Chemist: 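Have a look at this one.
Per chain, numbering begins at 1; letters A, B, ... match sequence-line order. Because the structure is a prediction, the values reported are computed rather than measured.
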2 protein chains.
Amino acid sequence: MRVSTRFSDSIHLLAFIEIYADAKLTSDLIASSIETSPVVVRRLMGKLRQAGLIATTPGTAQPTLAKPLSQISLLAVFYAVEGDKPLFAVDPKTNPDCIVGGNIQNVLGQYYQDAQTAAEARLAKTSMQDIVDNILVEQAKKDAGQHA
Amino acid sequence: MRVSTRFSDSIHLLAFIEIYADAKLTSDLIASSIETSPVVVRRLMGKLRQAGLIATTPGTAQPTLAKPLSQISLLAVFYAVEGDKPLFAVDPKTNPDCIVGGNIQNVLGQYYQDAQTAAEARLAKTSMQDIVDNILVEQAKKDAGQHA
DNA sequence: GCCTCCTGTAACTATATTAATTACTGTGAT
DNA sequence: ATCACAGTAATTAATATAGTTACAGGAGGC
């Protein structure tokens, strides 16, 4: 896998907080939806809290969103949990005495950055509100199908 | 690391074949520039050959480019060595009985695909010719600096 | 206060991916 | 026939990720 499921799971977590705001939001309950362990959920929440996306109280359940869903872009979530590592890795160990080995890191780095920026721009266009809206639409489709 | 250095190393390899076409291009020589083992180079060459980017002769050195550098995009190289796995991973194991867990895989998959497509479009715009040109320009800058 | 439920973290284990290494088969050139 | 090399399988080592165990400490009911 390229980007770990931390990104995917974090989006899941935020959507869950929104949709199940009325439930008792323990890390255990959230974990049961993501199908992972409560510790993993708490670790993710730690990152999201540090990034200013949610607020939590030690010792108490019920994390809350720190800002409206429409103001949380997928890119913000990405940076919160994965932002420190580039999407494409330049091999850092090449022969500096060779024309290719001595210059490729600089050259490739620029093009890689461009590609990553393009992906990030796309992630920036989508908000968590879009995700939640789509989840609810998909669910409505399923419900409609059942009644037919 | 996200995308393995196979991608970076493959670009390196192709550029090396072009720039050092007059040398005896053994996997050993190429490996010395990438600073890896000859076996790794031969494995990469195997992928690039399967993708129709280079031509090799068993038992003989001197791989050659199967098409002009200007017709080999970074995206083609990416697909050759990494194309089978998505850039962003959707957690495949979520609770189907939950509104979020049951729908997020579909919803996220679409947005992830969009982001990956944006990155790929950027990679498609750059050809190996651009990479080689830039490497030579960078080298020329270094040489000029040395004489100053 | 004390008990219970919970978060926040550290430490450890298990698993998967990648790169590197070893070893071998077989081709092509001389 | 020999030598240099590609091609490739199998193994090892290094690294990243997810999952688990364990525990310290906060919040709130009683």
Chemist: Taking only nitrogen or oxygen atoms into account, show me every contact under 3.5 Å that the protein makes with nucleotides 10-13 of chain D, one pair per line with its distance.
Modeler:
from: dA10(D); atom 1: N6; to: Arg43(B); atom 2: NH1; distance (Å): 3.3

Chemist: Rounded to the nearest Å, what distance is computed from the CD atom of residue Gln50(B) to the C1' atom of nucleotide dG7(D)?
Modeler: 11 Å
Chemist: With respect to the side chain of Ser27(B), which nucleotide from dT9(C), dA6(D), dT18(C) is positioned closest?
Modeler: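 Taking heavy atoms from C-beta onward, the closest nucleotide is dA6(D).
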Chemist: Check for a donor-acceptor pair, side chain of Gln71(A) on one end and backbone N or O of Ser127(A) on the other, with a separation under 3.5 Å.
Modeler: no
Chemist: If only side-chain N and O atoms of Ser4(A) are considered, is one of them under 4.0 Å from the OP1 or OP2 phosphate oxygen of dT17(D)?
Modeler: no
Chemist: Please give, in whole Å, the distance from dA14(D) P to Asp91(A) CG?
Modeler: 18 Å
Chemist: Atom NZ of Lys47(B) and atom P of dG7(D): how far apart are they, to the nearest Å?
Modeler: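 Atom-to-atom, Lys47(B) to dG7(D), this comes out as 14 Å.
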Chemist: Is Thr26(A) near enough to dC5(C) that one of its side-chain N or O atoms lies under 4.0 angstrom from OP1 or OP2?
Modeler: no
Chemist: Using only heavy-atom distances, determine whether the side chains of Asp130(B) and Tyr111(A) contain a donor-acceptor pair under 3.5 Å.
Modeler: no
Chemist: Please step through side-chain contact (heavy atoms from CB on, under 4.5 Å) for the pair Leu136(A) and Ile19(A), ending with a clear verdict.
Modeler: CA-CA 9 Å; Leu136(A) 295 176; Ile19(A) 292 178; 4.0 Å; yes
Chemist: What nucleotide among dT18(C), dC6(C), dG8(C) has an atom nearest to a side-chain atom of Lys24(A)?
Modeler: dC6(C)
Chemist: Could you say whether Pro63(B) or Lys93(B) is positioned toward the 5' end of DNA chain D, judged by the nucleotide with the nearest heavy atom to each?
Modeler: Pro63(B)
Chemist: Same cluster or not: are Ile54(B) and Val39(B) linked, directly or through other Ile, Leu, Val, Met, Phe, Trp or Tyr residues, by side-chain heavy atoms under 4.5 angstrom apart?
Modeler: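 They do not share one cluster, since no chain of ILVMFWY contacts under 4.5 Å joins Ile54(B) to Val39(B).
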Chemist: Decide whether Asp133(A) and Gln129(A) meet the rule of one side-chain donor and one side-chain acceptor closer than 3.5 Å.
Modeler: yes
Chemist: For Lys24(A) and Ala61(A), indicate whether the former's side chain and the latter's backbone hold a donor-acceptor pair under 3.5 Å.
Modeler: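 Not at all, since once roles are kept as given, no pair shorter than 3.5 Å links the two residues.
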Chemist: The side chain of Ala61(A) lies closest to which of these nucleotides: dC6(C), dT17(D), dT18(C)?
Modeler: dC6(C)
Chemist: Just how far, in rounded Å, is P of dT7(C) from CD1 of Ile17(A)?
Modeler: 11 Å
Chemist: Can you see if the side chain of Lys85(A) gets near the phosphate of dT17(D) - specifically, an N or O under 4.0 Å from OP1 or OP2?
Modeler: yes
Chemist: Donor-acceptor pair, Tyr20(B) side chain versus Ile99(A) backbone, under 3.5 Å?
Modeler: yes
Chemist: Taking atom C1' of dA6(D) as reference, at what distance in whole Å does atom CG of Leu44(B) sit?
Modeler: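 It works out to 14 Å between those atoms.
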Chemist: Determine whether a donor-acceptor pair (N or O, by modelled atom type, separation under 3.5 Å) exists between the side chain of Ser32(B) and the backbone of Leu29(B).
Modeler: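 Yes, Ser32(B) side chain to Leu29(B) backbone: donor-acceptor pair under 3.5 Å.
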Chemist: dG8(C) phosphate, OP1 or OP2: any side-chain N/O from Arg42(A) under 4.0 angstrom?
Modeler: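 The answer is no; no side-chain N or O of Arg42(A) sits under 4.0 Å from OP1 or OP2.
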Chemist: Can Asn134(B) and Glu138(B) be counted as having a side-chain donor-acceptor contact under 3.5 angstrom?
Modeler: no
Chemist: Under 4.0 Å between a side-chain N or O of Thr5(A) and OP1 or OP2 of dA18(D)?
Modeler: yes
Chemist: Nearest to the Arg49(B) side chain among dG19(D), dG7(D), dA19(C), which nucleotide is it?
Modeler: dG7(D)
Chemist: Just the rounded figure in Å: distance from P of dA18(D) to CD1 of Ile34(A).
Modeler: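 Computing the Ile34(A):CD1 to dA18(D):P distance gives 12 Å.
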Chemist: What is the distance, rounded to the nearest whole Å, between atom CD of Gln62(B) and atom P of dA4(D)?
Modeler: 17 Å
Chemist: Assign a letter to each nucleotide of nucleotides 25-30 of chain C from its 5' end: B, base within under 4.0 Å of a protein heavy atom; S, sugar-phosphate only; -, no contact.
Modeler: -BBS--
Chemist: How close or far is atom P of dT4(C) from atom CG of Asp28(A), stated in whole angstroms?
Modeler: 18 Å
Chemist: Using a cut-off of 4.0 Å on non-hydrogen atoms, how would the nucleic acid contact of Ser37(A) be classed: base, sugar-phosphate, or nothing?
Modeler: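 Answer is base: heavy atoms of Ser37(A) come under 4.0 Å of a base.
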Chemist: With distance as the sole criterion, is a donor-acceptor pair present between the side chains of Gln110(A) and Asn106(A) under 3.5 Å?
Modeler: no
